[in-house]
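Predicted model, so just to flag it, every value in this text is computed and none were measured. Chain letters run A, B, ... following the sequence lines, proteins first, then strands; residues in each count from 1.
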Protein chains: 2
Amino acid sequence: MKKMNYSRQREAILESLHNRYDHPTAEVLYNDIRKEFPNISLGTVYRNLALLSDNGMILKLNCGDGVEHFDGNVEPHIHFICKDCGDVLDIKMDNFDFINTLASSAFDGEILGNFTYFYGFCKKCVDKRKNEC
Amino acid sequence: MKKMNYSRQREAILESLHNRYDHPTAEVLYNDIRKEFPNISLGTVYRNLALLSDNGMILKLNCGDGVEHFDGNVEPHIHFICKDCGDVLDIKMDNFDFINTLASSAFDGEILGNFTYFYGFCKKCVDKRKNEC
DNA sequence: ATTAATAACAGTAACTATTACTATTATTAT
DNA sequence: ATAATAATAGTAATAGTTACTGTTATTAAT
């Protein structure tokens, strides 16, 4: 692990990530952190997100929208993507890695794991739709 | 569905996709098709891939490497990504959408489905590693 | 078969997300 | 306090993708 000096910007990025629930993109974090550090540069945000995820302190997520999302919660958990608002939320469900065994027996190679995202409508958007009717 | 006139370029793209097993990117398809149509433009490849996937004739895959991959097989099936060579292969396994039910009971919203990718080493790369030892 | 309407094209420019570069500033160990 | 260097802001560069433009190909109607 490369030596890391303390930096206030990096601390703010990590803190912002820990205070959120929606697994933001670099751009979203950048706009959030600019309230506290108006001069922070987008490059700093990207560089620190890369450092933090390389060191296992945050997760980098590919949610299928072509943009990187970040997660301050490194405990194993599952992600849900809202088709309506695009938010990425956590699902605290039991581990289902037994599907790896199902896949192994149908595949001629070595299965190490899976990435799985659930999608649908989050509570917020389900309620919004109800109110529109 | 928007009106589509016949085009030789589009036919070649679809045919190339049907003849492959590795779920290529637009760039890879472009280089493949240039053997037959040396003047085809990358924009034409992208435009046709978008048209074909909008019309349900091919699949657009987000495999987590930040680049779009395409699949000429629209039958429901599962994908595997090789950590070594990057190839995206099919797994013909039983449907495991019962995990949606597991997720639903742990989530306060509406679960419609999941995307799942398995990863590991494909047969080709497992064999390559054996030979290196 | 000709023609008119327009879909598709090649080539290029523009755009978006991300990474790399550079001169300056901040942190840390001595 | 100082020296070494990590981190920064600001900017330039890159990669993947989409949009634009004038020309060509396809189609449907005469």
S.K.: Please confirm whether the backbone N or O of A:N62 pairs with a side-chain atom of A:Y117, one donor and one acceptor, at under 3.5 Å?
M.R.: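 The answer is yes, because a donor-acceptor pair under 3.5 Å joins these two groups.
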S.K.: Do any N or O atoms from the side chain of A:N55 and from the backbone of A:M57 form a donor-acceptor pair under 3.5 angstrom?
M.R.: no
S.K.: Which whole-number value in Å describes the distance from B:N5 CG to C:dA8 C1'?
M.R.: 8 Å
S.K.: Do any of residues 56-74 of chain A sit with a heavy atom less than 4.0 Å from DNA chain C, and if so which?
M.R.: A:V67, A:E68
S.K.: Among residues 9-43 of chain A, which residues get a heavy atom nearer than 4.0 Å to DNA chain C?
M.R.: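 Per residue number, the list reads A:L42.
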S.K.: In whole angstrom, give the distance that lies between atom CZ of B:R8 and atom C1' of C:dA10.
M.R.: 13 Å
S.K.: Does OP1 or OP2 of C:dC9 have a side-chain N or O of B:N48 closer than 4.0 Å?
M.R.: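 True: B:N48 side-chain N/O within range (under 4.0 Å) of C:dC9 OP1/OP2.
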S.K.: For A:D54 and D:dA7, what is the distance between atoms CG and P respectively, to the nearest whole Å?
M.R.: 12 Å
S.K.: Look at the aromatic rings of B:H77 and B:H23 and report parallel, tilted or perpendicular, splitting at 30° and 60°.
M.R.: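 Tilted.
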S.K.: Is A:R129 positioned over the aromatic face of A:F121, cation under 6.0 angstrom from the ring centre and no more than 45 degrees off axis?
M.R.: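 Output yes; distance and angle both within limits.
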S.K.: Verify the cluster assignment for A:L61 and A:F70: are they in a single hydrophobic cluster under the rule of side-chain heavy atoms below 4.5 Å apart?
M.R.: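 As far as the 4.5 Å side-chain criterion goes, A:F70 and A:L61 are not connected within one cluster.
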S.K.: For the rings on B:F107 and A:F80, is their centre-to-centre separation under 6.0 Å?
M.R.: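 When the ring centroids of B:F107 and A:F80 are compared, they turn out to be within the sub-6.0 Å range.
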S.K.: Any side-chain N or O of A:Y46 less than 4.0 Å from the OP1 or OP2 oxygen of C:dT19?
M.R.: no
S.K.: Say whether, by atom type as modelled, one donor and one acceptor occur between the side chain of B:D32 and the main chain of B:V28 under 3.5 angstrom.
M.R.: no
S.K.: Can you check whether A:S7 has a side-chain N or O nearer than 4.0 Å to OP1 or OP2 of D:dT8?
M.R.: yes
S.K.: At 4.0 Å (heavy atoms only), tell me whether A:Y6 reaches a base, stays on the sugar-phosphate, or touches nothing.
M.R.: sugar-phosphate
S.K.: Taking C-beta and beyond as the side chain, do B:K60 and B:L49 meet within less than 4.5 Å on heavy atoms?
M.R.: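 The answer is no; the side chains never approach within 4.5 Å.
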S.K.: Does A:S16 use its side chain to pair, donor to acceptor, with the backbone of A:A12 at less than 3.5 Å?
M.R.: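 No; judged by distance alone, with no hydrogens or angles, the pair does not exist.
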S.K.: Under 4.0 Å from OP1 or OP2 of D:dT8: is there any side-chain N or O of A:R47 that close?
M.R.: yes
